[in-house]
Q: 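First the structure, then my questions, so here it is.
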Amino acid sequence: MRTKLVLLGLLLAAGTAGSTAMAGSDANQVRLSGLNEDPLVLSTTGTGQFRARVDETKQEITYRLSYSALEGAVTQAHLHLGGSAQSGQIIVFLCTNAGNGPAGTQACPAAPATVTGTLKATDVIGPAPQGIAAGEFAEVARAIRAGAVYVNVHSAKYPAGEIRAQLGHNH
């Protein structure tokens, strides 16, 4: 695990030098599970995978989120600011069916599904109470490098999140 995190750190550090970096471990991919949820770990059949490429030069994150076997209908998915044992506020929407995302946010398809996209500075909504203002892409990239960002898929059965993974970790 330590080797993976060091490798991730080197890859992400390369991104700050102007090249493209991958977020995540084991070929830039993290696995989502209810066992990673916070504040309560969940036993759920839901699983997922998230892959992200952070390009600090272009100020964009290209992502691919797949999820399946959720116990509730998918409602939304986001990147959040928070450590592995913390719940944090939303940085960017990946998809939503709740009508609560910024204009242009794509709908979350029913599981099993894959959602892809490219996030830009204009997609960053905050979280201002945690020190990231809308549009602050560099702060998001810094948080990803620090392992302080997680991906979360929310469902009707588990509105606070059914499956989750910390970027930079593979659970």
Q: In chain order, what residues pass the side-chain contact (heavy atoms from CB on, under 4.5 Å) check against Glu71, with sequence neighbours excluded?
A: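 Listed in chain order: Thr44, Thr45, Lys157, Tyr158, Glu162.
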
Q: So which heavy atom on Pro102 is nearest to which on Ile125, and how close?
A: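 For Pro102 versus Ile125, the nearest heavy atoms are CG-CG2, 3.8 Å.
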
Q: The criterion is salt bridge (charged side-chain N to carboxylate O under 4.0 Å, His left out); which residues satisfy it with Glu37, sequence neighbours excluded?
A: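 Residues passing salt bridge (charged side-chain N to carboxylate O under 4.0 Å, His left out) with Glu37: none at all.
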
Q: Filter on disulfide bond (SG atoms under 2.5 Å apart), then keep only pairs touching residues 111-141, sequence neighbours left out; what's left?
A: none

Q: Please enumerate all residues that pass ring-ring contact (aromatic ring centres under 6.0 Å, His included) together with Phe93, with sequence neighbours excluded.
A: His78

Q: CG of Leu32 to OH of Tyr150: how many Å apart, nearest 0.5 Å?
A: 11.5 Å

Q: What pairs meet the salt bridge (charged side-chain N to carboxylate O under 4.0 Å, His left out) rule with one or both residues in residues 99-111, with sequence neighbours excluded?
A: none

Q: Using the side-chain contact (heavy atoms from CB on, under 4.5 Å) criterion, which residues pair with Ala134? Sequence neighbours excluded.
A: none

Q: Got a sec, which residues hit side chain to side chain donor-acceptor pair (under 3.5 Å) with Thr105, two or more places apart in sequence or on another chain?
A: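 With neighbours one apart ignored, the set is empty.
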
Q: Apply side-chain contact (heavy atoms from CB on, under 4.5 Å) to Pro129 and list each qualifying residue two or more places apart in sequence or on a separate chain.
A: Gln89, Pro127

Q: CG of Asp38 to CZ of Arg164: how many Å apart, nearest 0.5 Å?
A: 5.0 Å

Q: Within this structure, what is the CZ-CG distance for the pair Phe50 and Leu94, rounded to the nearest 0.5 Å?
A: 5.5 Å

Q: Looking at residues at least two apart in the chain, or sitting in another chain, which of them share a side chain to side chain donor-acceptor pair (under 3.5 Å) with Glu136?
A: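 Partners of Glu136 by the side chain to side chain donor-acceptor pair (under 3.5 Å) criterion come out as none, since no residue qualifies.
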
Q: Do you reckon Val140 sits in the same ILVMFWY cluster as Val54, going by side-chain contacts under 4.5 Å, direct or chained?
A: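 Val140 clusters together with Val54.
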
Q: Roughly how far apart are Ile90 CD1 and Thr96 OG1, rounded to 0.5 Å?
A: 8.0 Å

Q: Distance-only check: which donor-acceptor pairs under 3.5 Å involve side-chain atoms of residues 108-120, not counting sequence neighbours?
A:
unit_1	atom_1	unit_2	atom_2	d
Thr114	OG1	Ser66	OG	2.9
Lys120	NZ	Glu60	OE1	2.9

Q: Please identify each residue that fulfils side chain to side chain donor-acceptor pair (under 3.5 Å) with Arg142, with sequence neighbours left out.
A: Glu139

Q: Run the side chain to side chain donor-acceptor pair (under 3.5 Å) test against Thr62 and tell me which residues pass, sequence neighbours left out.
A: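 With neighbours one apart ignored, the set is empty.
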
Q: Hydrophobic cluster membership, with links at side-chain heavy-atom distances under 4.5 Å among I/L/V/M/F/W/Y: are Leu167 and Phe137 in one?
A: yes

Q: Using 0.5 Å steps for rounding, measure from the CD atom of Gln49 to the CG atom of Leu65.
A: 10.0 Å

